[in-house]
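Just below is one structure, and these are the notes that go with it.
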2 protein chains.
Amino acid sequence: MSPIERVECCEVTELHEDVLQQINAKMPDLDSLYDLAELFKIFGDSTRIRILFVLFEAEVCVCDLAEALNMTQSAVSHQLSILKRNKLVKSRRDGKSVFYSLADDHVRTIIGQGMDHISE
Amino acid sequence: MSPIERVECCEVTELHEDVLQQINAKMPDLDSLYDLAELFKIFGDSTRIRILFVLFEAEVCVCDLAEALNMTQSAVSHQLSILKRNKLVKSRRDGKSVFYSLADDHVRTIIGQGMDHISE
DNA sequence: TATTCATTTGAACATATATTCATATGTTCA
DNA sequence: TGAACATATGAATATATGTTCAAATGAATA
């Protein structure tokens, strides 16, 4: 029988041991938690948020996005590549222009929840 | 009557002008967009995500959190202060210990949506 | 095919942020 | 009151990340 590891904090052992075991049992695996953090990190930048809000309204080309956000086309393109790499937007080339749109409506849901939260 | 500003991109003017006006009309004010990004930024760190998952299960003290996450008490405390400052968790002192818990169930909803997304 | 337009990409830079370390604060109890 | 414990906090450090600049790629067209 393996020795029970001592919990060094709060001068308490068994009680905390119980709680910690229950917590560990329900905790998703570390990979999922990292993925989740990565997902939210994508939404955690105002440029990307603004891009997504534009795409809620219409499919637009890169230069229109730059115009709408009053940013350089390069900066916008960099952020679009992040959004695309994470499958939040998709793109379609039409002649010289590339048009971006939302990959799916999941994005709307997540941002909608966030809006609900900040408007209390 | 003010002159209509020229759109410099894609060699197109009126067509894009239309789209941009429609987009601007529906776009939330910049402050809200910044707040939204700030909110998601909080969730965009795996340490904070792990803390929140622990708090989904139980109200725990700082040293138990440090133990559960295998991190220093100081690092956990710093992250807790961020979560508290943004009203995602609340705290309660009991003797020498300080116990943290979720501020409200909105947090569960947001993280739940995120989990739905990453599990495709 | 040479030119122009739209976009992408890589490197450099500046800024933001997570953790560590040392120390301070707050609480209990002898 | 002094000692021990639990937590908080400030400064320093290392890393991550967003924007800019310059240059490359891709597509249309004269």
Side-chain angles (χ1 to χ4, degrees), chain A residues 6-13 15-16 19 33-34 37-52 59-86 89-101, chain B residues 6-13 15-16 19 33-34 37-52 59-86 89-101:
Chain A
R6 236 192 130 269
V7 178
E8 294 291 357
C9 64
C10 306
E11 295 176 322
V12 182
T13 55
L15 198 142
H16 292 210
V19 176
L33 295 177
Y34 275 106
E38 286 305 309
L39 174 68
F40 285 123
K41 206 173 287 181
I42 307 300
F43 294 102
D45 173 77
S46 57
T47 296
R48 288 191 291 267
I49 286 280
R50 289 165 72 213
I51 289 177
L52 292 174
E59 179 192 54
V60 293
C61 64
V62 179
C63 81
D64 271 3
L65 267 170
E67 174 92 9
L69 306 185
N70 195 31
M71 291 182 63
T72 67
Q73 164 264 0
S74 177
V76 171
S77 183
H78 274 297
Q79 296 309 324
L80 282 170
S81 77
I82 293 175
L83 289 169
K84 190 175 178 185
R85 192 186 318 137
N86 288 276
V89 306
K90 57 179 191 280
S91 67
R92 164 182 78 82
R93 182 177 270 278
D94 179 9
K96 283 181 287 187
S97 299
V98 176
F99 287 84
Y100 281 83
S101 56
Chain B
R6 238 193 129 267
V7 178
E8 295 289 357
C9 63
C10 307
E11 294 173 323
V12 182
T13 54
L15 197 142
H16 292 211
V19 177
L33 295 177
Y34 275 104
E38 286 305 309
L39 175 69
F40 284 123
K41 207 173 286 181
I42 308 300
F43 293 102
D45 174 79
S46 57
T47 296
R48 288 191 290 268
I49 286 280
R50 288 164 73 213
I51 289 176
L52 292 173
E59 179 192 53
V60 293
C61 63
V62 179
C63 82
D64 271 2
L65 267 169
E67 173 92 10
L69 307 184
N70 196 28
M71 292 182 63
T72 67
Q73 166 269 342
S74 178
V76 171
S77 183
H78 275 296
Q79 296 308 326
L80 282 170
S81 77
I82 292 175
L83 290 169
K84 190 176 178 183
R85 190 186 320 137
N86 288 276
V89 306
K90 58 180 191 283
S91 67
R92 164 182 77 83
R93 183 177 270 279
D94 181 10
K96 283 179 288 187
S97 298
V98 176
F99 286 84
Y100 282 83
S101 56

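Below, chains carry the letters A, B, ... as their sequence lines are ordered, and counting in each starts from 1.
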Item to complete: Scan nucleotides 24-30 of chain D nucleotide by nucleotide, 5' to 3', and note B when protein non-hydrogen atoms come under 4.0 Å of the base, S if they reach only the sugar-phosphate, - if neither.
Response: ---SS--
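- The nearest whole Å value for the distance from the CG atom in A:Leu65 to the C1' atom in D:dT19 is 16 Å.
- The base of C:dC21 lies outside donor-acceptor range of the side chain of B:Thr72, with no N or O pair under 3.5 Å.
- Heavy atoms of B:Lys84 sit nowhere under 4.0 angstrom from any nucleic acid atom.
- Between A:Ser91 atom OG and A:Leu83 atom CG the span is 11.5 Å, to the nearest 0.5 Å.
- Ring orientation note: the planes of A:Phe40 and B:Phe43 are tilted relative to one another, at an angle of 30° to 60°.
- The CZ atom of A:Phe43 sits 14 Å away from the P atom of D:dG18 (whole-angstrom rounding).
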Discussion item. Could you go through B:Cys61 and A:His16, starting from their C-alpha distance and side-chain angles, then the distance that decides it, and tell me whether this counts as side-chain contact (heavy atoms from CB on, under 4.5 Å)?
Written reply: CA-CA 10 Å; B:Cys61 63; A:His16 292 210; 4.0 Å; yes
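- Nucleic acid contact class of A:Phe99 (heavy atoms, under 4.0 Å, all strands): none.
- Straight-line distance from the CE atom of A:Met71 to the P atom of D:dC21: 12 Å, rounded to whole Å.
- For A:Cys61, whose side chain is taken as the heavy atoms from C-beta onward, the closest listed nucleotide among D:dT7, C:dT7, C:dA6 is C:dT7.
- At the phosphate of D:dA8, OP1 or OP2 sits under 4.0 Å from a side-chain N or O atom of B:Tyr100.
- Atom CG of B:Asp45 is separated from atom NZ of A:Lys41 by 6.5 Å, given to the nearest 0.5 angstrom.
- No hydrogens or angles were tested; on distance alone, nothing pairs the side chain of B:Gln79 with the base of C:dA18 as donor and acceptor under 3.5 Å.
- Note: CG (A:Asp45) to P (C:dT17) measures 11 Å, nearest angstrom.
- Here A:Gln79 contributes atom CD and A:Leu69 contributes atom CG; the two are 10.5 Å apart, rounded to the nearest 0.5 Å.
- Counting atom types as modelled, A:Ser74 pairs a side-chain N or O with a base atom of C:dT9 as donor and acceptor under 3.5 Å.
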Worksheet item: Would B:Val62 and B:Leu80 count as a side-chain contact (heavy atoms from CB on, under 4.5 Å) if you check the C-alpha gap in whole Å, the side-chain angles of each, and the deciding distance to 0.1 Å?
Response: CA-CA 9 Å; B:Val62 179; B:Leu80 282 170; 3.9 Å; yes
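- The NZ atom of A:Lys41 sits 11 Å away from the C1' atom of D:dT15 (whole-angstrom rounding).
- Under 3.5 Å, the side chain of B:Ser77 and the base of D:dT9 form no donor-acceptor pair of N or O atoms.
- Per the geometry, CZ belonging to A:Phe40 stands 19 Å off C1' belonging to C:dT17, to the nearest Å.
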Response to the item:
Note, DNA chain C 5' to 3' with Watson-Crick or G-U pairs under 3.5 Å encoded as ( ), [ ], | and . gives ||||||||||||||||||||||||||||||
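- How far CZ of B:Arg85 is from OG of B:Ser81: 5.0 Å, rounded to the nearest 0.5 Å.
- When the C1' atom of C:dT20 is taken as reference, atom CG of B:Asn70 falls 15 Å away, rounded to whole Å.
- Interatomic distance, B:His78 NE2 to B:Met71 CE, rounded to the nearest 0.5 Å: 10.5 Å.
- Contacts of B:Ile82 with the nucleic acid, taken as non-hydrogen atoms under 4.0 Å apart, involve only primed sugar atoms and P, OP1 or OP2.
- Per the stacking criterion (ring centres < 5.5 Å, plane angle < 30°), B:His78 does not stack onto the base of C:dT19.
- Among the atoms of the strands shown, only primed sugar atoms or phosphate atoms (P, OP1, OP2) are found under 4.0 Å from some heavy atom of B:Thr47.
- In this structure, A:Asp64 contributes its side chain and A:Val60 its backbone to no donor-acceptor pair below 3.5 Å.
- With rounding to whole Å, A:Arg92 atom CZ is found 13 Å from C:dT8 atom P.
- Of the two residues contacting DNA chain C, namely A:Ser81 and A:Ser97, the nearest-nucleotide position lying further toward the 5' end is that of A:Ser97.
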Item to complete: Dump the intermediate steps for side-chain contact (heavy atoms from CB on, under 4.5 Å) on A:Thr72 and A:Val76, then the final yes or no.
Response: CA-CA 6 Å; A:Thr72 67; A:Val76 171; over 6 Å; no
